[in-house]
Protein chains: 2
Amino acid sequence: MAADSQLHHEIQGRLQQIDQLYTRGRQSIVEALVEAGSPITLPELLGRAPNLTQSSAYRNLAMMEEAGVVRRLVHSTDHAHYELAEDLTEHHHHLICRQCGLIKDVTLDKRLERTLDTAFDKLAADAGFQPDHHDIDVFGTCADCAGT
Amino acid sequence: MAADSQLHHEIQGRLQQIDQLYTRGRQSIVEALVEAGSPITLPELLGRAPNLTQSSAYRNLAMMEEAGVVRRLVHSTDHAHYELAEDLTEHHHHLICRQCGLIKDVTLDKRLERTLDTAFDKLAADAGFQPDHHDIDVFGTCADCAGT
DNA sequence: TTGCTTGCAAATGATTTGCACTGCT
DNA sequence: AGCAGTGCAAATCATTTGCAAGCAA
């Protein structure tokens, strides 16, 4: 709970920086994302917070992405998935089930992450890129779908 | 040239396996992807092969994705990008410019790839996943946009 | 011929937007 | 009162699909 109110406070701060209020509806979105625990789609979000309206949810998610509060993931043709920004949670990657679309968060060990960052920095530099973030998605079949 | 006709032959084989012909239009798509050298969007594809029609291009790309000939990348809200399947080219990852959307292919060294695969297999196993592929996208700013 | 492919135009579905209304401050 | 936020309904835009006509085996 303490961690939660800390989170809400931090978020309010980030919204303030772009002159936005942390309204009840926006809090509902954040709470739904926290409770979900992994990236969810807009319909899923509305299911978890029925007080929300589709258009406002889209609007607020877009605004909060601006504010660095949420992140939008696009892996498939249909619904994008949303999760809290990484620096509000933890640096992590995704295990994605090709069958059902389930997305599971996973973390790599620090040493390996450091190795990767070094490798990416070098690669990017060679290509004239200035890297600022990396995503790793591992595709496969989840336990449920494997049993099909 | 030799490598190219080899490629076309291989592709024709893959299409045959799902009872599809390697028609002129489909060849145009593949040629455009080869010439592009990096993932391109549908409008870009049509620009490179003006003989193509939008709907047929979409249809054929979808079918060729089925056949394991092309891959569809979805990183942003707008147009998806298409590239040849990895086993027709080479295992690689993407450097993506946040400003202009440019996507550049890069490869990691074999040793690091092996380390990663091992790590992912372990992670996935712990989560009950059966992994079959990984994508790594490095986001940042490309040389052109950095000069803005 | 005999279907598989194509092109055109219309449909679909996620996301966005206009506008009038509600609720803070 | 005054303006940011919301909900509703209509608009967008990438992608998909139905159908009639063209092309390859």
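Side chains included, hydrogens not; waters and symmetry mates left out as well; all remaining heavy atoms used. Residue numbers begin at 1 in each chain, while the letters A, B, ... track the order of the sequences.
- In this structure, L42(A) places its CG atom 14 Å from C1' of dG7(D), rounding to the nearest Å.
- With rounding to whole Å, Y22(B) atom OH is found 18 Å from dC23(D) atom C1'.
- The separation between D78(B) atom CG and dA14(C) atom P is 18 Å, rounded to whole Å.
- For S55(A) against dC8(D), a side-chain-to-base donor-acceptor contact under 3.5 Å is present.
- The listed nucleotides are dG18(D), dC4(C), dT16(C); the one nearest the side chain of R59(B) is dG18(D).
- Between H134(B) and H91(B), the side chains place a donor N or O and an acceptor N or O closer than 3.5 Å (distance only, hydrogens not considered).
- Contact of the C142(B) side chain with the K104(B) side chain is not registered, since no non-hydrogen atoms from C-beta on lie closer than 4.5 Å.
- The side chain of S56(B) approaches dG7(C) more closely than any other nucleotide in the set dT15(D), dG7(C), dA25(D).
- Straight-line distance from the CE atom of M63(A) to the C1' atom of dG5(D): 9 Å, rounded to whole Å.
- Phosphate proximity of dT15(D) to Y58(B): present, with a side-chain N or O under 4.0 Å from OP1 or OP2.
- With hydrogens and angles ignored, the 3.5 Å screen pairs a side-chain donor or acceptor of R26(A) with a backbone N or O of L21(A).
- Listed nucleotides dT15(C), dG5(D), dC8(D) differ in distance to R26(A); the shortest reach to its side chain belongs to dG5(D).
- Contact annotation for A80(B): backbone-only contact, meaning every heavy-atom pair under 4.0 Å involves sugar-phosphate atoms and none involves a base.
- A straight line from CG of N51(A) to P of dT6(D) spans 11 Å, rounded to a whole angstrom.
- Straight-line distance from the CG atom of L15(B) to the P atom of dA24(D): 16 Å, rounded to whole Å.
- In this pair, H133(B) and F139(A) present their aromatic rings tilted. The plane angle is within the 30 to 60° band.
- Note: CD1 (I29(A)) to P (dG7(D)) measures 10 Å, nearest angstrom.
- Remark: the T23(B) side chain and the dC23(D) base include no donor-acceptor N/O pair separated by less than 3.5 Å.
- Contact annotation: H79(B) side-chain N/O to dT15(D) OP1/OP2 distance is under 4.0 Å.
- Between N60(A) and dT6(D) there is a side-chain polar atom (N or O) within less than 4.0 angstrom of OP1 or OP2.
- Counting only heavy atoms from C-beta on, Q54(A) has its side chain closest to dT15(C) among dG5(D), dG7(C), dT15(C).
- For the pair T77(B) and D19(B), nearest-nucleotide mapping onto DNA chain C gives the more 5' position to D19(B).
- Taking 3.5 Å as the limit, the base of dG5(D) and the side chain of R24(A) contain no donor-acceptor pair of atoms between them.
- Whole-Å rounding puts the L21(B) CG to dT6(C) C1' distance at 13 Å.
- Looking at R71(A), its side chain never comes within 3.5 Å of a backbone N or O of E86(A) through a donor-acceptor pair.
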